[in-house]
Amino acid sequence: MFLVDHLILVAGVLLLLGIASSKLSARLGIPGLVLFLVLGMLAGSEGLGKIDFENYELAHAIGTIALTMILFDGGFSTPLAAVRAVWKPAFVLATLGVLLTAVITGVAAAWILNMPLLEGLLLGSIVGSTDAAAVFSILRSGGISLPKRLAAILEVESGSNDPMAIFLTIGCIEILLGQIDSAWGLLWLLLSQLLVGAVFGWGLGRASAWLVNRIDLDTPGLYPVLVSTCCLLTFGLTAEFGGSGFLAAYVAGMVMGNQRLVMQRGIRLYHDAIAWLCQIVMFVMLGLLSVPSRLWQVSWQGLVLAVVLCLVARPVAVGVSLIPFRPQWREWGYLSWVGLKGAVPITLATFPLMLGAPQAGLMFDIVFFVVVLSALVQGSTLTTVAHWLGLTVPPEPAPPVTLEISSLKHVDGEVLDYAVGPDSRAAGKLVRDLALPDGVVIALVVRGNHLIPPQGKTRIEAGDHVMLVVRPGTQPLVSQIFGRSEEVRGAIPMALEFPLRGSVTIGKLSELYGVPSLLPPETTLAQALRTALGEAASQPGAKARFGPLELRVLSVSLKGSIELVGMSILPEPDLSASTEILPPPPEPAAEPSPADA
């Protein structure tokens, strides 16, 4: 019992120090994962803690579970729109980029370490991928703000390149051990890792979202636990069928995170905490595995290999992979520098140790040295390099308060938070003049440390945080009003109908939504429909087209005035106004009476 108590005390102390080091890392400008590794080394057999830990199988198991949860959380926080915009360059970097990095680094390793080429390629394969835990930790910790496209490429690449690294590592090991002797065996290993991982991740992510929304649990706290269970099941089932469990966990997280879930905000906060806990546990444990004296013995070889990896292999791989996409030189430079190494290479370095590959101990020490150097040098200079290349963008201010809808059932609405900037269309305007879509209500305005209950005469100012309760589907229109830039505002989806009050004027429509105006600014939507349709405007469903705009009567009051108007932007705008009147819906046929029969 004393041993168990002692282990619990040590675990608590290490976690407390890990949390404290995450706070210290922000002040020192050093990635937290470096401090976690150093903490583990200090607690290890040659450090102050004198903890002798050399169980590579246990370390591999813990690292695998931790990486699964980190990747799932990364996917859960990745917008699907960002993936659609960058999946092509990210996929090429995650496959061809990893292959080129592994080959160049492997050839250099064979020469530097005077080992056979195949063993060098194994070492290059282990350090070939960009580590998701490191990238997510740095990009989402608030230390750096990049253009959304560039940040999305880095996140999607790091989240999806593990299958290629695993394939290359396992392939090299099995060739060294004589278990694969044909190219078909290698090709099948790659295809199964990628295809099975992607298909299982998508399918099980959809099934998990369906289960979460329909299971109707009595205890709210079980919903995040259920999602974690689905994550682990996704990894296990995918691996059981020969696919990449890491890729499946990332894809499943992305599928679930982009759907409406019961207790979604609570689930997101829970998994964000789990991801941080996993990072601390995983990197501290990997630090315990290291032996500083052995690292010193391979320091010069590790230093030369790290230089080749960071300054030759990664830049060449990025440059060749992105040739079809013609990136700007600044983007190429930054993508080349952010080839961060972390837990994945160290975890993969345990494969040769467990499988008895030649020179496995040397490889583990070299990989550990390269990871620490990469995280320390590259991780601590990401902000500096981004500033030097002119790639930083102003970060979104963090809201001083949060507002959320907590419900065990589905509610037809969600809460949005906008930081109003000087270039927001809402800045300087009264609430009553914002022409918000129907079903959108400003719940709270936060100005500095003051909470302002919104009224019609309340003026929205730059620097305010505005929290709105909106109906699903109206966010693209709301973003037009409160977005700080064109990138945040985006474009109004074509052919998607938005409900607006009939009293909204054409001028407000043009001013707040950037919609082209073909009518006098003072004309209301109701007046425009009355002029175009005449008496038919009293009929719900009647619609008229004004250039690229299509207006449709949604509801009419008892007095005949138009209350709600549906606005759509047509895909092929016709600048000549035309009118279309829908016929009234047919009356239901009367059932024949017995006499008629």
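Every value quoted in this text rests on a predicted model; they were computed, and no experiment measured them. For reference, positions follow the sequence shown, starting with 1.
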**Q** List, one per line, each side-chain donor-acceptor pair under 3.5 Å for residues 267-275, sequence neighbours excluded.
**A**
unit_1 : atom_1 : unit_2 : atom_2 : d
R268   : NH1    : F76    : O      : 3.1
H271   : ND1    : I267   : O      : 3.1
H271   : NE2    : S228   : OG     : 2.8

**Q** Just wondering, are more than 12 heavy atoms of other shown residues or ligands nearer than 6.0 Å to CD in E522?
**A** yes
**Q** With a 4.5 Å cut-off on side-chain heavy atoms, are F246 and T238 touching?
**A** no
**Q** Would you say R425's side chain and L512's backbone share a donor-acceptor pair under 3.5 angstrom?
**A** yes
**Q** Can you see which heavy atom on A544 is nearest to which on L533, and at what distance?
**A** CB-CD2, 4.1 Å
**Q** Mind checking whether L529 and I562 have side chains closer than 4.5 Å, heavy atoms only?
**A** yes
**Q** List the residues meeting salt bridge (Lys or Arg N to Asp or Glu O under 4.0 Å) with R459, not counting sequence neighbours, and say none if there are none.
**A**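 Counting only residues at least two positions away or on another chain, R459 forms no salt bridge (Lys or Arg N to Asp or Glu O under 4.0 Å).
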**Q** What distance separates T505 OG1 from E511 CD, expressed to the nearest 0.5 Å?
**A**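 Those atoms lie 8.5 Å apart.
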**Q** Answer yes or no: is there a side-chain heavy-atom contact under 4.5 Å between V466 and I442?
**A** yes
**Q** Looking at every non-hydrogen atom in both residues, tell me the closest pair between A427 and G421 and how far apart they are.
**A**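 Answer, listing the atom of A427 first, then G421: CB-O, 3.6 Å.
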**Q** Can you tell me if E155 uses its side chain to pair, donor with acceptor, with the backbone of A152 under 3.5 Å?
**A**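 Not a single qualifying donor-acceptor pair exists.
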**Q** Could you check whether any side-chain N or O of E331 sits under 3.5 Å from a backbone N or O of L150, counting only pairs where one atom can act as donor and the other as acceptor?
**A** no
**Q** Under a 3.5 Å distance rule, please check whether T523 uses its side chain to pair with a backbone N or O of P520 as donor and acceptor.
**A** yes
**Q** Side chain to side chain contact (heavy atoms under 4.5 Å, CB included), that's the test. Do L204 and V251 meet it? Break it down for me.
**A** CA-CA 9 Å; L204 292 173; V251 173; over 6 Å; no
**Q** Is there a donor-acceptor pair under 3.5 Å between the side chain of T381 and the backbone N or O of V385?
**A**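 Such a contact is absent between T381 side chain and V385 backbone.
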**Q** Looking at OG1 of T234 and CH2 of W202, how far apart are the two atoms once the value is rounded to the nearest 0.5 Å?
**A** 13.5 Å
**Q** Are the side chain of T78 and the backbone N or O of G74 linked by a donor-acceptor pair below 3.5 Å?
**A** yes
**Q** Would a line drawn from the ring center of F72 to the ring center of Y250 be shorter than 6.0 Å?
**A**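 Ring centroids of F72 and Y250 are no less than 6.0 Å from each other.
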**Q** Do side-chain atoms of Y223 reach the backbone of L217 as a donor and acceptor pair under 3.5 angstrom?
**A** yes
**Q** Would you say the side chain of P89 lies within less than 4.5 Å of the side chain of I153, judging by non-hydrogen atoms?
**A** yes
**Q** Would you check if the side chain of Q264 reaches a backbone N or O of L261 as a donor-acceptor pair within less than 3.5 Å?
**A**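 Yes.
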**Q** Hey, are R552 and E497 close enough for a salt bridge, meaning a charged N less than 4.0 Å from a carboxylate O?
**A** yes
**Q** Assess whether a salt bridge exists between R501 and E563, defined as any Lys/Arg side-chain N lying under 4.0 Å from an Asp/Glu carboxylate O.
**A** no
**Q** If only side-chain N and O atoms count, and only distance matters, is there a donor-acceptor pair under 3.5 Å linking S538 with R530?
**A** yes
**Q** How long is the straight-line distance from CG of N449 back to CZ of R447, given to the nearest 0.5 Å?
**A** 13.0 Å
**Q** After noting the C-alpha distance and the side-chain angles of F546 and L519, does the key distance pass the side chain to side chain contact (heavy atoms under 4.5 Å, CB included) rule?
**A** CA-CA 8 Å; F546 303 91; L519 297 172; 3.9 Å; yes
**Q** Run the side chain to side chain contact (heavy atoms under 4.5 Å, CB included) test on T458 and I452 for me, step by step, so that the C-alpha distance in whole Å, both residues' side-chain angles and the decisive distance to 0.1 Å come before the verdict.
**A** CA-CA 9 Å; T458 302; I452 301 175; 4.1 Å; yes
**Q** Testing the basics here: between L430 and K457, what is the closest heavy-atom pair and its distance to 0.1 Å?
**A**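 So the two residues come closest at CD2-O, 3.4 Å.
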**Q** For M256 and A209, work out which heavy atoms get closest and say how close.
**A** CE-N, 4.0 Å
**Q** Can you check whether E550's main-chain N or O pairs, donor with acceptor, with R545's side chain at less than 3.5 Å?
**A** no
**Q** Is it the case that the side chains of Y418 and S424 hold a donor-acceptor pair, with the cut-off being a distance below 3.5 Å and no angle test?
**A**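 No.
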**Q** In the structure I gave you, are the side-chain heavy atoms of L80 and M254 within less than 4.5 Å of one another anywhere?
**A** yes
**Q** Atom CD in Q259, atom CG in N213: separation rounded to 0.5 Å?
**A** 7.5 Å
**Q** Take D438 and R471 through the side chain to side chain contact (heavy atoms under 4.5 Å, CB included) test and state the conclusion after the steps.
**A** CA-CA 9 Å; D438 183 63; R471 287 182 181 175; 3.7 Å; yes
**Q** Main chain of I70, side chain of D73: is a donor-acceptor contact present, judged purely on distance under 3.5 Å?
**A** no
**Q** Please name the pair of heavy atoms, one in V446 and one in M467, separated by the smallest distance, quoted to 0.1 Å.
**A** CG2-CE, 4.4 Å
**Q** Between L500 and L551, is there a side-chain heavy-atom distance shorter than 4.5 Å?
**A** no
**Q** To the nearest 0.5 Å, what is the distance between CD1 on I65 and CE on M282?
**A** 12.0 Å
**Q** Is the closest side-chain heavy-atom distance between Q475 and L416 below 4.5 Å?
**A** yes
**Q** Distance check, rounded to the nearest 0.5 Å: L468 atom CG versus L436 atom CG?
**A** 7.0 Å
**Q** Closest heavy-atom contact between A426 and I460?
**A**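 The pair with the smallest heavy-atom distance is O-CB, 3.6 Å.
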**Q** So do the side chains of H465 and D417 get within less than 4.5 Å of each other, counting heavy atoms only?
**A** yes
